[in-house]
A.B. asks: 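Below is the structure I would like to discuss, written out as structure tokens.
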Amino acid sequence: MSAYSAEQFQSETPQLYPRLRRAVTAYLAGSDVDPDDILQETFLKAIRNLDGFRGQAGIYSWLYSIARNLCIDEFRKQQNRSMITSVPVEEFELASDQFADEAEREEILILRKAIAVLPVMFRDVVIMKAIEQMSYEEIADITGVNIQTLKNRMFRARKMLAESLKKMGVDEP
Amino acid sequence: MTNRFEHKPEREELERLINDAVDGLLSSAEIKALESELANHPDLQKDYHTLIAMPNPANAFSDDSDTFRDDRRIRHIQAMVRDEYEANQPLEELTFLLLKRYALAVSLVIFGAISITNIIFSLEQDSSEEIPLNEIFYNVNADDPGEYLIYLDQWMMED
């Protein structure tokens, strides 16, 4: 018996979807995989396996781990085509009316590019910690990696990000 | 937390502490202790200052929940979740679910079907049964069996 009913799942979809979409979009930044395809598959997989959800972690963490596994599968499929992004910064999608000024837009584009060029292992932890604001305990539950290792990974990921930003012309203070 | 600095932290421990500082998990006393320890590690000290000043990666992907209010993609996912759930139900539960959802429509259909059946039956009865002659040419007076003929005669005369 699941700790969560299908009706609950359906009614909470409007809250779960935008948050998950943000994470999946970050995960897939620079790849040609459509985040909406991954999201659709995630929700489908979740409802088919809802009986397996025991509720130890929240429904979002459970859903996130399904989406993450699907993204990793996609990355594996595309490995032969080189997952390191070759998408130029200018081609990262951004609706221009979202931003107050061009400088802000440019900073976001560069940040996206810097995240996209991180190796998957490091991108993973940056998305969960910095973007999703998950605790290290939650990340450890999802990834099965211990907290100390995650913190060291996050430190290295941040260093890589800083180096990428420097290469892309973002000045150090 | 400050006892993290009681023993001399290893390099990896310092990296984790720098990370905690960037995440805002250290108190001001712990930050002070970290900064003084980093004076012995110039490379890590440089990393610390770089990471503290780095733009927050969260800025790259803004929280745009509001733009998804009543979004067709969400409605599509909800419909998909519902259909998938129903498709995997045992027959009894599925029947119950469908009845629950379409109770009013089912009631109306049943009511309509019964009404139509009744009308058809009554029409068939009306057309198939011959009306006995004595229901048209009935006796006005039961004591006089010939009175209806008189009535017909009168009617023909009037015409």
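Both backbone and side-chain heavy atoms feed into the values below; hydrogens, waters and symmetry mates do not.
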A.B. asks: Report the option among A/Glu107, A/Gln133, A/Met154 that has the most heavy-atom pairs separated by less than 4.5 Å from atoms of chain B.
C.D. replies: A/Met154
A.B. asks: Please assess A/Leu70 against A/Lys45 for the test side chain to side chain contact (heavy atoms under 4.5 Å, CB included), listing each intermediate value before the final yes or no.
C.D. replies: CA-CA 10 Å; A/Leu70 288 171; A/Lys45 226 172 174 173; 4.1 Å; yes
A.B. asks: Tell me, out of B/Ile18, B/Val81, B/Asn56, who's got the most heavy-atom pairs with chain A below 4.5 Å.
C.D. replies: B/Val81
A.B. asks: For the atom pair NZ (A/Lys129) and CZ (A/Arg153), what is the distance rounded to the nearest 0.5 Å?
C.D. replies: 15.5 Å
A.B. asks: According to the interplanar angle, ranging from 0 to 90°, do the rings of A/Tyr27 and A/Phe75 count as parallel (below 30°), tilted (30 to 60°) or perpendicular (above 60°)?
C.D. replies: parallel
A.B. asks: Is chain A contacted by the side chain of B/Asp47, its backbone, both, or neither, given a heavy-atom distance below 4.5 Å?
C.D. replies: side chain
A.B. asks: With a 4.5 angstrom heavy-atom cut-off, could you sort out which part of A/Ile115 is near chain B: side chain, backbone, both or neither?
C.D. replies: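 Contact with chain B involves the side chain of A/Ile115 alone.
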A.B. asks: Report which part of B/Ile52 has an atom under 4.5 Å of a heavy atom belonging to chain A: side chain, backbone, both, or neither.
C.D. replies: neither
A.B. asks: Using a cut-off of under 4.5 Å for heavy-atom pairs, which of A/Asn152, A/Leu161, A/Ile127, A/Leu111 has the most such pairs with chain B?
C.D. replies: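 Of the options given, most contacts go to A/Asn152.
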A.B. asks: Identify which of B/Val22, B/Asp23, B/Asn19 forms the greatest number of heavy-atom pairs closer than 4.5 Å to chain A.
C.D. replies: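 Highest number of heavy-atom pairs under 4.5 Å: B/Asn19.
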A.B. asks: Which atoms of A/Gln148 are under 4.5 Å from chain B, going by heavy atoms: the side chain, the backbone, both sets, or neither?
C.D. replies: both
A.B. asks: Which atoms of A/Ile47 are under 4.5 Å from chain B, going by heavy atoms: the side chain, the backbone, both sets, or neither?
C.D. replies: side chain
A.B. asks: Any side-chain donor-acceptor pair under 3.5 Å between B/Tyr48 and B/Glu35?
C.D. replies: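 Yes, side-chain donor-acceptor contact under 3.5 Å.
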A.B. asks: Quick one: do the B/Asp71 and A/Tyr17 side chains pair a donor with an acceptor below 3.5 Å?
C.D. replies: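 On atom types as modelled, these side chains do not qualify, holding no pair under 3.5 Å.
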A.B. asks: Do the side-chain N and O atoms of A/Glu138 and A/Tyr64 include a donor-acceptor pair separated by under 3.5 angstrom?
C.D. replies: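 Checked: A/Glu138/A/Tyr64 side chains show no N/O donor-acceptor pair below 3.5 Å.
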A.B. asks: Below 4.5 Å, heavy-atom pairs only: which of A/Ala130, A/Ala162, A/Ala26, A/Ala6 has the largest tally toward chain B?
C.D. replies: A/Ala26
A.B. asks: Are there more than 12 heavy atoms of other residues, nucleotides or ligands under 6.0 Å from atom CZ of B/Arg82?
C.D. replies: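 Atom CZ in B/Arg82 is crowded, with more than 12 foreign heavy atoms closer than 6.0 Å.
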